[in-house]
Q: 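Quick one: this structure, given as structure tokens, is what I'll be asking you about.
Residue numbers count from 1 along this sequence.
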Amino acid sequence: MADVLETPPAMEPAGIGASAPAPGVGDAPAAGPRKAALLFIFFTALMDVIALGIMIPVLPNLVKQFAGGDTALAAQYTLGFAVTWGTMQFFCGPIMGMLSDRFGRRPVLLISIFGLGVDYLFMALAPTLAWLFVGRVINGVTSASFSTANAYVADITPPKDRAKAFGMMGAAFGVGFIVGPAIGGALGSINLRFPFYLSAGLALCNWLYGFFVLPESLPAALRTPALNWKRANPIAAFGFLLERRSLLKLEAIYALFQLAHNVFPSIFVLYVGYRFHWGPFASAMMLFATGLLSILVQTMVVGRVVKAVGERGALLIGLASAVLAFATYGLAPTQDWFFIGIPLGALSALIGPGIQSLMSRRVPANEQGRLQGVNSAFMGLCSIVGPIIYLSTLAFAVRQDPVLHQPGIPLIISALFCAAALGLSILWAKPVADAEPSPAAP
């Protein structure tokens with residue numbers, strides 16, 4: 001049940017300009033076990049994101065119910081919940097990564113998935129707003145397991161195929177955020193507690209499946225020999241980057257992309273409602289269309305683009321498309337012009353797989369967990385900072401619209417973040433040989 005995936009004695013070179021990795025680093029397991037494990041991780045991410053998405057349309061309404069129907073108060077509480085969730089991601093991502101490097105990916109994933117299931121039950125039964133808040137704290141901690149899932153993908157996938165594999169993980173997120181809210185909205189219209197019970201059931205079924213099926217991906221010989229709790233914090237995560245300057249540069253690009261990406265969940269509904277007078281249905285259809293196109297790019301385009309132009313090329317194409325898409329969204333004088341940005345925005349799905357693959361090549365097997373933990377910390381930080389930037393600038397733009405005539409300022413800011421990331425990628429996102437095994441430091 002928990003056997004380590006077998007690895008072949010050798011592997012083909014990582015790509016143009018890259019030397020063959022040392023044995024045991026980045027080796028791919030045998031094709032059969034690797035594909036089975038990758039499918040499990042895909043479905044793990046899919047079920048977890050569906051469970052998370054199910055709560056999106058109902059959690060604010062449940063908070064509003066606890067707030068006595070006061071919309072303004074419910075909005076304040078919901079913002080507090082979102083910031084708390086991001087803060088937990090920021091602090092717990094490095095811890096999860098370190099634990100997975102020490103004890104393996106399997107136990108960390110299983111404990112996290114089980115914790116999510118229990119947490120959804122906790123929130124389903126929460127009798128007060130305070131209990132619901134505790135549930136969101138726990139959810140933020142256990143959701144940091146997504147970084148471990150990415151480390152698992154890096155373990156079982158040859159470097160030349162990682163961008164495609166990370167694209168599949170991105171597709172799982174896209175499908176989850178399309179299917180989950182639809183299910184949550186349907187069940188929530190019957191009873192606001194039902195979606196939480198379904199989320200708990202999905203998570204616990206996922207845990208059972210993983211308990212009996214999922215093998216370990218990180219051999220004991222490649223794990224760190226002891227825990228060093230001084231490294232289990234965001235400050236130490238920055239130290240991890242400072243020790244690897246090329247990785248620090250890629251992380252800066254990744255953070256700029258994450259900041260830009262936060263514009264949609266932060267202000268999209270408010271922006272299109274103000275600019276084009278779209279109601280909830282039109283907004284939902286737009287999100288559905290963009291999500292579907294993103295999934296198609298991640299599943300059908302990423303692998304082909306990386307094969308043709310490499311991971312760096314995919315990253316540059318994705319960032320250039322994102323610049324044009326966000327600028328189009330922000331400057332569009334009519335909704336017809338706004339629609340032009342949709343296919344451009346879909347190509348931005350090349351960014352995540354491209355940069356994740358480039359980053360994973362710079363880190364040996366026994367530090368993939370730390371890398372993904374650092375990424376999770378930055379995602380949490382951006383999910384805190386992003387809404388503050390975009391909501392405040394949208395409020396300013398709307399108040400000044402009679403003079404400026406530019407309510408799309410938040411989207412222009414996100415385009416500038418992507419433009420900065422594109423410029424830095426041209427300078428810094430260079431292909432490298434796969435990392436050599438690092439001494440297993442305590």
Side-chain angles (χ1 to χ4, degrees), residues 56 60 71-72 75-76 78-83 85-86 89 174 177 181 252-280 282-291 293-294 318-349 351-352 378-424:
I56 289 175
T71 300
Q76 292 177 356
T78 301
L79 178 60
F81 279 25
V83 170
W85 192 89
Q89 288 274 299
F177 277 112
I253 296 168
Y254 184 73
L256 286 168
F257 161 64
Q258 288 295 332
L259 271 178
H261 187 69
N262 264 277
V263 71
F264 260 157
S266 298
I267 59 99
F268 174 76
V269 174
L270 294 173
Y271 172 72
V272 296
Y274 177 82
R275 189 76 180 270
F276 306 118
H277 309 292
W278 289 0
S283 300
M285 289 300 97
M286 171 65 181
L287 290 173
F288 178 84
T290 55
L293 284 175
S294 177
L319 285 170
S321 300
V323 172
L324 294 174
F326 285 129
T328 301
Y329 293 144
L331 297 173
T334 66
Q335 65 179 20
D336 291 337
W337 279 96
F338 188 91
F339 292 146
I340 294 175
I342 296 177
L344 293 170
L347 287 176
S348 68
I351 299 170
F378 272 93
M379 287 181 65
L381 184 60
C382 291
S383 70
I384 297 170
V385 176
I388 295 173
I389 294 173
Y390 297 124
L391 286 167
S392 60
T393 53
L394 179 65
F396 169 82
V398 169
R399 284 195 297 265
Q400 302 299 321
D401 193 33
V403 178
L404 295 176
H405 307 293
Q406 192 47 261
I409 290 176
L411 288 151
I412 301 303
I413 292 173
S414 64
L416 292 174
F417 281 138
C418 287
L422 177 60
L424 295 178

Q: Quick check for you: to the nearest 0.5 Å, what is the distance between Met286 atom CE and Phe268 atom CZ?
A: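 Rounded to the nearest 0.5 Å, the CE-CZ separation comes out at 5.0 Å.
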Q: What I'd like to find out is whether the side chain of Val398 reaches to under 4.5 Å of the side chain of Leu270, using heavy atoms alone.
A: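 Val398 vs Leu270: side chains apart.
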Q: Give the minimum heavy-atom separation between Pro407 and Ala397, together with the two atoms involved.
A: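 In terms of heavy atoms, the two residues are closest at CA-CB, 3.8 Å.
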Q: Using the ring centroid of each side chain, check whether Phe264 and Tyr329 are separated by less than 6.0 Å.
A: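 So the answer is yes for these two rings.
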Q: Would you give me the side-chain donor-acceptor pairs under 3.5 Å for residues 255-263, sequence neighbours excluded?
A:
from: Gln258; atom 1: NE2; to: Tyr254; atom 2: OH; distance (Å): 3.3
from: Asn262; atom 1: ND2; to: Gln258; atom 2: O; distance (Å): 2.9

Q: Look up atom CG in Leu394 and atom CD1 in Ile413, then write down how far apart they are to the nearest 0.5 Å.
A: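 The CD1 atom of Ile413 is 10.0 Å from CG of Leu394, to the nearest 0.5 Å.
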Q: Under a 4.5 Å cut-off applied to non-hydrogen side-chain atoms, are Phe326 and Cys418 in contact?
A: yes
Q: Indicate the atoms forming the closest heavy-atom contact of Leu344 with Leu324, along with that distance.
A: CD1-CB, 3.9 Å
Q: Spell out, as yes or no, whether a donor-acceptor pair under 3.5 Å connects the side chain of Ser414 to the backbone of Leu411.
A: yes
Q: OG1 of Thr393 to CD1 of Ile267: how many Å apart, nearest 0.5 Å?
A: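 So the OG1 of Thr393 and the CD1 of Ile267 are separated by 7.5 Å.
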Q: Donor-acceptor check, side chain of Arg275 to backbone of Gly330, threshold 3.5 angstrom: yes or no?
A: yes
Q: Nearest 0.5 Å please: distance from the CZ atom of Phe339 over to the OG1 atom of Thr334.
A: 9.0 Å
Q: I'd like to know if the side chain of Ser392 reaches the main chain of Ile388, judged simply by a donor and an acceptor atom lying under 3.5 Å from each other, with no hydrogens or angles considered.
A: yes
Q: Residues two or more places apart in sequence or in another chain: which of them pass side chain to side chain contact (heavy atoms under 4.5 Å, CB included) with Leu381?
A: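 If we apply the side chain to side chain contact (heavy atoms under 4.5 Å, CB included) test to Leu381, skipping adjacent residues, the hits are Phe90, Val385.
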Q: With sequence neighbours left out, what residues match Leu331 under side chain to side chain contact (heavy atoms under 4.5 Å, CB included)?
A: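 Counting only residues at least two positions away or on another chain, Leu331 forms a side chain to side chain contact (heavy atoms under 4.5 Å, CB included) with Gln406, Ile412.
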Q: Kindly give the heavy-atom pair with the smallest separation between Ser348 and Ala322, and that separation in Å.
A: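 Taking every non-hydrogen atom into account, CB-CB, 3.8 Å.
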Q: How are the rings of Phe338 and Phe276 set relative to one another: parallel (under 30°), tilted (30 to 60°) or perpendicular (over 60°)?
A: perpendicular
